[in-house]
Asker: 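Once you've had a glance at the structure underneath, I'll fire off some questions.
Chain letters run A, B, ... following the sequence lines, proteins first and then strands; every chain starts at 1. Quantities reported herein were computed from a predicted structural model and do not represent experimental measurements.
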Protein chains: 2
Amino acid sequence: MMTNNHVNKEIASAHYALKVLSGKWNLPILAALCSNRIIRYNELKRQVIGITGTMLNQSLKELIDYGIVQRVQYNEVPPKVEYSLTEVGLELMPIYEQLDLWGEKNLERKGD
Amino acid sequence: MMTNNHVNKEIASAHYALKVLSGKWNLPILAALCSNRIIRYNELKRQVIGITGTMLNQSLKELIDYGIVQRVQYNEVPPKVEYSLTEVGLELMPIYEQLDLWGEKNLERKGD
DNA sequence: CAGTATCCACGTGGATACTG
DNA sequence: CAGTATCCACGTGGATACTG
């Protein structure tokens with residue numbers, strides 16, 4: 001049947017976008033990158049409250065792999081690494097705002 | 001510090017919206033409800049390919065709890081239950097489309 | 001400073017069999 | 001027809017200790 005093949009593709013695409021944004025720390029990291037433009041590793045760790053080194057690295061790797069975050073390493077001593085959003089990452093921001101708006105409107109109707 | 005309290009609230013709101021859309025079957029179920037308007041349990045199970053009864057029920061409960069899906073039960077024999085999107089659920093659709101667009105654009109750059 | 005290695009807990013997804 | 005109960009597998013999240 002050729003009926004709803006495009007629907008499945010849409011679902012797959014949207015699912016991919018969701019995966020990028022999901023994960024416990026992706027949103028907080030993205031928010032920090034958004035308000036800082038360029039930020040170093042330890043400063044990021046400080047701003048994303050509660051995150052551990054393991055999780056920060058894991059999430060950053062994911063986001064870099066998705067092409068959303070850019071990593072620039074300076075070969076100095078002591079080490080210096082800067083993180084920032086890519087163009088693709090910036091394109092995610094309007095979606096983030098829409099999610100925020102919908103969530104804000106609908107969170108209040110619930111106890112939590 | 002009172003610096004970025006609103007940012008945390010935004011994150012929480014967006015996170016809530018993400019939670020609603022995440023989960024393996026929520027998107028497929030929502031898509032089916034979107035193209036059918038009103039649909040019965042077994043028909044839903046047929047259209048959402050691969051889903052088991054356990055998962056369909058679990059996901060539906062979630063979506064109903066979020067106020068996105070409406071359940072109408074007719075006390076007949078044999079049983080008849082109809083599912084549909086609520087107003088709130090319909091408001092989610094533009095976001096779904098944006099996710100789809102972003103995903104489509106960015107999925108192609110990857111192997112998978 | 002900016003990470004990695006190891007090892008563990010728990011939540012989400014799911015198969016199977018059964019029911020008002 | 002429209003579910004529920006039970007029990008299991010695996011992925012994601014995370015604490016702790018260590019390193020170029």
Asker: Hey, does A:Tyr74 reach any base, or is it just sugar-phosphate, or nothing, if we go heavy atoms under 4.0 Å?
Answerer: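 Here A:Tyr74 touches no strand at all.
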Asker: Heavy atoms only, 4.0 Å cut-off, all strands: where does B:Thr54 land among base, sugar-phosphate and nothing?
Answerer: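 Base: the residue B:Thr54, judged by heavy atoms under 4.0 Å, touches a nucleobase.
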Asker: Verify the distance criterion only: is there a donor paired with an acceptor across the side chains of B:Gln47 and B:Glu43 at less than 3.5 Å?
Answerer: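 Judged by distance alone, the side chains do pair up.
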Asker: Would you call the rings of A:Tyr16 and A:Tyr66 parallel, tilted or perpendicular, where under 30° means parallel and over 60° means perpendicular?
Answerer: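 Perpendicular.
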Asker: Name the first nucleotide and the last nucleotide along DNA chain D (5' to 3') that come under 4.0 Å of a heavy atom in chain A.
Answerer: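 Boundary nucleotides touching chain A, in 5' to 3' order, are D:dG13 to D:dG20.
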Asker: Is the backbone N or O of A:Ser22 less than 3.5 Å from a side-chain atom of A:Asn26, with the two atoms forming a donor-acceptor pair by type?
Answerer: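 Between the backbone of A:Ser22 and the side chain of A:Asn26 there is a qualifying donor-acceptor contact (under 3.5 Å).
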Asker: Check whether any side-chain heavy atom of B:Glu62 lies under 4.5 Å from a side-chain heavy atom of B:Ile68, and answer yes or no.
Answerer: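 A side-chain contact is absent here, since even the closest heavy-atom pair is not under 4.5 Å.
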Asker: So what's the dot-bracket for DNA chain D: Watson-Crick or G-U pairs under 3.5 Å, [ ] if a pair crosses, | if it pairs off-strand?
Answerer: ||||||||||||||||||||
Asker: Scan A:Pro79 against the nucleic acid and name what it touches under 4.0 Å (heavy atoms): base, sugar-phosphate only, or nothing.
Answerer: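 The answer is base, as A:Pro79 lies within the cut-off (heavy atoms under 4.0 Å) of a base atom.
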Asker: Between A:Lys24 and B:Glu82, just flag the one whose closest nucleotide in DNA chain D comes earlier from the 5' side.
Answerer: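 Looking at the nearest nucleotide for each, B:Glu82 comes out on the 5' side.
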Asker: Quick one, B:Tyr83 with B:Ile29, criterion side-chain contact (heavy atoms from CB on, under 4.5 Å). Give me CA distance, side-chain angles, the key distance, then yes/no.
Answerer: CA-CA 10 Å; B:Tyr83 293 94; B:Ile29 291 171; over 6 Å; no
Asker: Taking atom NZ of A:Lys80 as the centre, report whether more than 12 heavy atoms of other residues, nucleotides or ligands fall under 6.0 Å from it.
Answerer: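 Enclosed: over 12 neighbouring heavy atoms sit under 6.0 Å from NZ of A:Lys80.
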Asker: Show every side chain to side chain donor-acceptor pair (under 3.5 Å) that has at least one partner inside residues 84-97 of chain B, sequence neighbours left out.
Answerer: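 Every side chain to side chain donor-acceptor pair (under 3.5 Å) pair that includes a residue of residues 84-97 of chain B, provided the two are not neighbours, is A:Lys105-B:Glu91.
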Asker: Run B:Lys24 and B:Met55 through side-chain contact (heavy atoms from CB on, under 4.5 Å) and show every step you take.
Answerer: CA-CA 9 Å; B:Lys24 183 162 181 190; B:Met55 281 301 100; over 6 Å; no
Asker: Have a look at B:Lys80 and say if it touches a base, only the backbone sugar-phosphate, or nothing, with a 4.0 Å heavy-atom cut-off.
Answerer: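 Answer is sugar-phosphate: B:Lys80 comes under 4.0 Å of backbone atoms only.
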